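What you see is a predicted model; the values in this text were computed from it and never measured.
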Amino acid sequence: MPDSAPAFDDVNERAKKDWKRETSSFDRVRSVMRTAYKPMSAATVAENALTSEQTARKHLRSLAEHGYVAETASPDSTGTLYQLSKDSI
């Protein structure tokens with residue numbers, strides 16, 4: 001009888017580890033923004049892209065410079081929010 005596959009505690013955690021290992025932080029930030037339906041803070045993008053907030057900000061600035069994302073002020077004026085640019089849709 002063949003050995004069974006190893007059990008994973010959480011398949012989602014395994015998928016996150018694989019995604020992080022197989023992609024760059026820039027690619028993950030761009031992917032998060034491509035699937036975002038509402039403006040997000042750099043902290044939220046960082047959490048979803050499995051990277052630091054500082055790294056997410058750096059990549060978001062680059063994406064904004066190239067017209068892929070747009071920067072907007074948050075409603076409470078506490079920071080910058082990022083959303084997919086209408087030109088990139």
Self-check item: Counterpart residues, salt bridge (charged side-chain N to carboxylate O under 4.0 Å, His left out), relative to E22 (two or more places apart)
Solution: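 Listed in chain order: nothing, the list is empty.
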Quiz item: Does R14 pair with D18 as a salt bridge, N-O distance under 4.0 Å?
Solution: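 Looking at D18 together with R14, the answer is yes, because their closest N to O distance falls below 4.0 Å.
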Exercise. Return each pair, listed once, that meets salt bridge (Lys or Arg N to Asp or Glu O under 4.0 Å) where at least one residue sits in residues 46-58; pairs must be two or more places apart or across chains.
Key: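 Residue pairs passing salt bridge (Lys or Arg N to Asp or Glu O under 4.0 Å), neighbours aside: E53-R57.
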Quiz item: Taking only residues at least two apart or on different chains, which pairs with a member in residues 32-52 satisfy ring pair (Phe, Tyr, Trp, His ring centres under 6.0 Å)?
Solution: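 Checked against ring pair (Phe, Tyr, Trp, His ring centres under 6.0 Å) - neighbours excluded - no pair reaches residues 32-52.
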Quiz prompt | Minimum-distance pair of heavy atoms, taken over all atoms of S41 and L81 | solution =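 Where S41 meets L81 most closely, the heavy atoms are N-CD2, 3.5 Å.
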Quiz prompt | N12: side-chain hydrogen bond (donor to acceptor under 3.5 Å, both in side chains) partners, not counting sequence neighbours | solution =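 Per chain and number, N12 pairs via side-chain hydrogen bond (donor to acceptor under 3.5 Å, both in side chains) with no residue.
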Quiz item: Could you go step by step and tell me if M40 and N48 meet the side chain to side chain contact (heavy atoms under 4.5 Å, CB included) rule?
Solution: CA-CA 10 Å; M40 295 191 296; N48 291 328; 4.0 Å; yes
Quiz item: What distance separates K17 NZ from R21 CZ, expressed to the nearest 0.5 Å?
Solution: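 So the gap between those two atoms works out to 10.0 Å.
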Extract all donor-acceptor atom pairs below 3.5 Å that involve side chains of residues 26-34 and protein atoms in other chains or at least two apart in sequence.
unit_1 : atom_1 : unit_2 : atom_2 : d
D27    : OD1    : R30    : NH2    : 3.0
D27    : OD2    : S24    : OG     : 3.2
R28    : NE     : A49    : O      : 2.7
R28    : NH1    : K20    : O      : 3.3
R28    : NH1    : T23    : O      : 2.8
R28    : NH1    : T23    : OG1    : 3.4
R28    : NH1    : S24    : O      : 3.4
R28    : NH2    : L50    : O      : 3.4

Taking distance alone, no hydrogens or angles, what donor-acceptor pairs closer than 3.5 Å link side-chain atoms of residues 59-71 to residues at least two apart or in another chain?
unit_1 : atom_1 : unit_2 : atom_2 : d
H59    : NE2    : S25    : OG     : 2.9
H66    : ND1    : S62    : O      : 2.8

